[in-house]
Amino acid sequence: MIKKRIVEIIKEACDNCKEKGVFPYEINIDPIVEIPREGEFGDYSTNIAFLLAPKLRKNPQEIAKTVIQNMNYNDTCEKVEPAGKGFINFYVKDEIWKQTLMDIYESGIDGFLPDAGNGKKVLIEFVSANPTGPLHIGHGRGAAVGDVLANILKNTGYNVTKEYYINDAGKQIATLGASTYARWRELKGEDIEYPQHFYQGDYVKELAAELIEHNVPIPANQDEAIKFMAGYSGSKVMKGIQEDLEEFGVFFDNYYKESTLYENGIVDDTLELLRQRGFSYEKDDALWFKTSLFEKDEDRVLIKSDGEKTYFASDIAYHREKLERGFKLLVDLWGSDHHGYIPRLKASLEALAEQKDSLKVILIQFVTLLKDGKPFGMSTRAGQFTTLKEVLSEVGRDAARFFFLMRKSDAHLEFDLDLAKKTSNENPVFYVQYANARIQSIFRNAEEDGIDVDTLMAESRRQKAEGSINIDLLTSKDEIDLIKAIHHFYDVIEGCARNLEPHRLTFYLIDLVGKFHSYYNKTRVLKNEVNLTTARLLLLFMLQKVIKKGLDILGVSAPDKM
RNA sequence: GCGCCCGUAGCUCAGUUGGAUAGAGCGUUGGCCUCCGGAGCCAAAGGCCGUGCGUUCAAAUCGCACCGGGCGCACCA
């Protein structure tokens with residue numbers, strides 16, 4: 001990593017300044033090195049002079065000059081310049097850039113990616129839709145974001161577990177049972193009123209019809225029948241959800257049932273623990289948690305006056321259980337309408353384990369479907385669904401996943417169905433995939449010229465050892481820029497992981513691929529002088545590795561032909 | 001009333017830990033293959049970064065107030 005080398009160079013320079021007595025004392029700040037906006041400010045820049053200025057009581061421009069004078073950068077940079085009001089800009093040697101290309105080849109793309117996680121155990125919980133109806137498009141967005149985030153964390157050295165939490169103990173499942181029972185009686189010819197608060201979707205009728213069709217024996221007692229149907233419908237719906245997720249390319253390591261928390265006494269244990277520590281109290285025949293002790297929020301009910309436990313109670317138990325399973329970082333993806341729930345849950349983790357910061361909640365904003373430029377199918381009328389399944393069959397997995405990741409997750413997303421279906425440059429999915437197909441096409445043509453790209457790579461590796469490296473012939477600005485862009489994959493992935501923001505990868509890929517398309521248009525790869533062709537093929541080889549890896553993390557396919 | 005998110009080009013949106021002259025796609029206008037895939041490329045036009053005040057060497061980014069949009073504020077799940 002060149003950036004790390006730059007940080008070292010700066011630190012060394014500061015040490016030199018101290019030794020020579022230029023600085024009165026040891027400088028102990030981590031210099032911030034960033035990639036400047038494209039332009040004349042070099043490959044990297046640091047603001048360290050600004051940070052030192054108040055301490056040394058000197059003008060930042062002067063400090064920048066002093067630091068540079070005491071800097072040994074010749075191994076990495078062709079020049080280092082003071083700029084602006086006190087920036088220090090680093091211009092990395094082209095040879096170094098080219099060298100990193102070979103280094104990435106040596107280490108492989110996986111070895112190249114950062115190891116920020118260091119094996120840390122992460123539990124990422126997402127979707128977690130109640131099994132009372134099919135997944136809708138909002139769940140799809142959560143599924144895409146969660147799955148890709150998991151991929152990113154896995155690729156940066158985290159030990160990741162993906163989990164789906166099933167609320168199977170609450171009232172909703174009971175209502176699903178009652179709904180199915182009511183529909184079942186209707187189908188049996190009874191004239192009954194179907195209550196407003198029951199599930200309105202047609203899938204309930206279908207479930208009831210199935211029961212009749214397959215002659216499933218129904219208990220005669222009404223309560224037992226409802227209970228039976230709750231179990232039946234719940235597992236059927238859950239199965240459907242799993243099938244939809246599978247089609248979407250999302251697989252979970254665990255499905256964790258709320259009911260197991262009760263069966264294993266974890267909820268009662270947790271409540272007892274809170275009571276012992278004095279974080280709960282009784283009022284109006286209910287048991288309350290002292291949220292206000294930890295967060296700017298009101299106290300919340302754990303056990304209602306009728307003796308029933310709230311969802312909050314089991315959620316606390318669930319998250320405590322996550323910590324006890326050894327997870328150090330808990331990532332939850334919730335619909336943004338649940339944002340008000342964050343403080344109380346964090347408060348509970350603080351109360352139980354002083355670990356409120358180990359919980360990171362990512363909010364998923366709403367998705368609006370657009371068709372013919374107009375919002376579509378978002379009726380609030382009960383029972384009207386715009387299901388994930390429908391969207392998938394309309395636009396396919398690749399476009400759906402890619403589109404869900406084109407916005408940061410806490411921003412509204414307009415999902416343009418027409419655009420997602422287009423096979424043109426307007427559709428960014430195809431734009432990215434097309435780049436890969438184009439490179440592959442060049443490789444196919446190369447093969448016709450008797451060049452096998454894989455053997456070529458091995459060859460260039462040997463040449464490197466002999467000191468005559470083909471990549472020396474990559475001299476144009478476009479080529480160096482492409483190499484830099486390839487190298488920045490590292491920073492992008494690191495940023496995605498640090499901020500838990502997978503959308504950055506999507507933007508990076510679009511940008512990277514744009515550089516390639518531009519390069520392709522002005523530069524001929526094949527049928528040049530043989531060493532030049534070789535050098536350019538090598539560049540494309542590494543570029544393709546990054547594109548494929550990026551798409552792989554997004555869970556989007558990278559076809560060789562389109 | 002209280003809280004959270006959002007406000008950047010005509011539209012949809014990026015903008016790194018606060019950094020230098022604000023970025024892309026679409027749309028508009030005008031160009032580019034005898035040539036590795038035109039599902040592509042190049043160029044132009046387009047901006048009070050919602051408004052005001054503050055913090056800072058430096059603010060689209062942080063703080064406060066206001067305006068506008070969305071969403072929450074149950075002994076619901």
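Chain identifiers are assigned alphabetically (A, B, ...) following the order of the sequence lines, protein sequences preceding nucleic acid strands; residue numbering begins at 1 within each chain. Please read all numbers here as calculations on a predicted model, not as lab measurements.
- In this structure, A:L505 places its CG atom 17 Å from P of B:rU16, rounding to the nearest Å.
- Atom NZ of A:K515 and atom P of B:rA24 are 11 Å apart (whole Å).
- Phosphate contact (OP1/OP2 of B:rC76, side-chain N/O of A:K304, threshold under 4.0 Å): present.
- Nucleic acid contact for A:K85: none, since no nucleic acid atom lies under 4.0 Å from a heavy atom of the residue.
- Residue A:K304 places its NZ atom among more than 12 non-hydrogen atoms of other residues, nucleotides or ligands, all under 6.0 Å distant.
- Of the residues near RNA chain B, A:T46 and A:G340, the one whose nearest nucleotide (by heavy atom distance) lies more toward the 5' end is A:T46.
- Using the Watson-Crick or G-U wobble rule with both distances under 3.5 Å, B:rG3 pairs with B:rC71.
- As rounded to whole Å, 14 Å separates atom P of B:rC11 from atom CZ of A:R407.
- The environment of A:K85 atom NZ is sparse: at most 12 non-hydrogen atoms of other residues, nucleotides or ligands sit within 6.0 angstrom.
- Remark: A:K421 NZ is packed, more than 12 non-hydrogen atoms of other residues, nucleotides or ligands lying under 6.0 Å away.
- Under the Watson-Crick and G-U wobble criteria, each requiring two contacts below 3.5 Å, nucleotide B:rC66 is paired to B:rG50.
- Annotation: B:rG70 and B:rG54 have their P atoms spaced 32 Å apart (nearest Å).
- Judged by distance alone, the side chain of A:S179 and the main-chain N or O of A:F198 form no donor-acceptor pair under 3.5 Å.
- Judged by distance alone, with hydrogens and angles left aside, A:T310 brings no side-chain donor or acceptor close enough to the base of B:rC75 to form a pair under 3.5 Å.
- Between A:R438 and B:rG38 there is a side-chain polar atom (N or O) within less than 4.0 angstrom of OP1 or OP2.
- Comparing A:D560 and A:F507 along RNA chain B, the residue whose closest nucleotide (by nearest heavy atom) sits nearer the 5' end is A:F507.
- Spacing between B:rC57 and B:rG50 at atom P, rounded to whole Å, works out to 25 Å.
- Whole-Å rounding puts the A:D410 CG to B:rG72 P distance at 16 Å.
- In this structure, the aromatic ring of A:F87 is positioned over the six-membered ring of the base of B:rA20, centres within 5.5 Å and planes within 30°.
- For A:E501 and B:rC13, the CD to C1' distance is 14 Å, given to the nearest whole Å.
- Residue A:H503 contributes atom NE2, which lies 14 Å from atom C1' of B:rU12 at whole-angstrom precision.
- Ring-to-base geometry does not place A:F366 in a stacked arrangement with B:rC71 (centre distance under 5.5 Å, plane angle under 30° required).
- Phosphate contact (OP1/OP2 of B:rU17, side-chain N/O of A:N499, threshold under 4.0 Å): present.
- Between A:Y431 and B:rA24 there is no side-chain N or O to OP1 or OP2 distance below 4.0 Å.
- Stacking between A:F41 and B:rA20 is present: the aromatic ring centre lies within less than 5.5 angstrom of the base six-membered ring centre, and the two planes differ by under 30 degrees.
- Under 4.0 angstrom from either OP1 or OP2 of B:rG19 there lies no side-chain N or O belonging to A:R37.
- Taking only side-chain nitrogens and oxygens, A:N427 never comes nearer than 4.0 Å to OP1 or OP2 of B:rG25.
- Checking the phosphate oxygens (OP1, OP2) of B:rC42, a side-chain nitrogen or oxygen of A:S518 falls inside 4.0 Å.
- A 3.5 Å limit on both hydrogen-bonding distances identifies B:rA43 as the Watson-Crick or G-U partner of B:rU29.
- Remark: P of B:rC13 and NE2 of A:H412 are 9 Å apart, rounded to the nearest angstrom.
- For A:K548, the NZ atom sits in a packed shell: over 12 heavy atoms of surrounding residues, nucleotides or ligands are nearer than 6.0 Å.
- Atoms CZ (A:F50) and P (B:rG19) sit 12 Å apart, rounded to a whole Å.
- Among A:T506, A:N155, A:L149, the single residue meeting the side chain to side chain contact (heavy atoms under 4.5 Å, CB included) criterion with A:I553 is A:N155.
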Would you please test A:C496 and A:E501 for side-chain contact (heavy atoms from CB on, under 4.5 Å) and show each step?
CA-CA 5 Å; A:C496 286; A:E501 290 181 346; 5.7 Å; no
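- Within 4.0 Å (heavy atoms only), A:Y311 reaches at least one base atom of the nucleic acid.
- Using Watson-Crick or G-U wobble geometry with both donor-acceptor distances under 3.5 Å, B:rG23 finds its partner in B:rC13.
- Not a single donor-acceptor contact under 3.5 angstrom links the side-chain atoms of A:D337 to the base of B:rG72.
- At least one donor-acceptor pair closer than 3.5 Å links the side chain of A:D43 to the backbone N or O of A:V92.
- Between the base of B:rG72 and the side chain of A:H338 there is no donor-acceptor pair shorter than 3.5 Å.
- Between B:rC2 and B:rG46, the distance separating the two P atoms is 43 Å to the nearest Å.
- Heavy atoms of A:T175 sit nowhere under 4.0 angstrom from any nucleic acid atom.
- A donor N or O paired with an acceptor N or O is not found under 3.5 Å between the base of B:rA20 and the side-chain atoms of A:N47.
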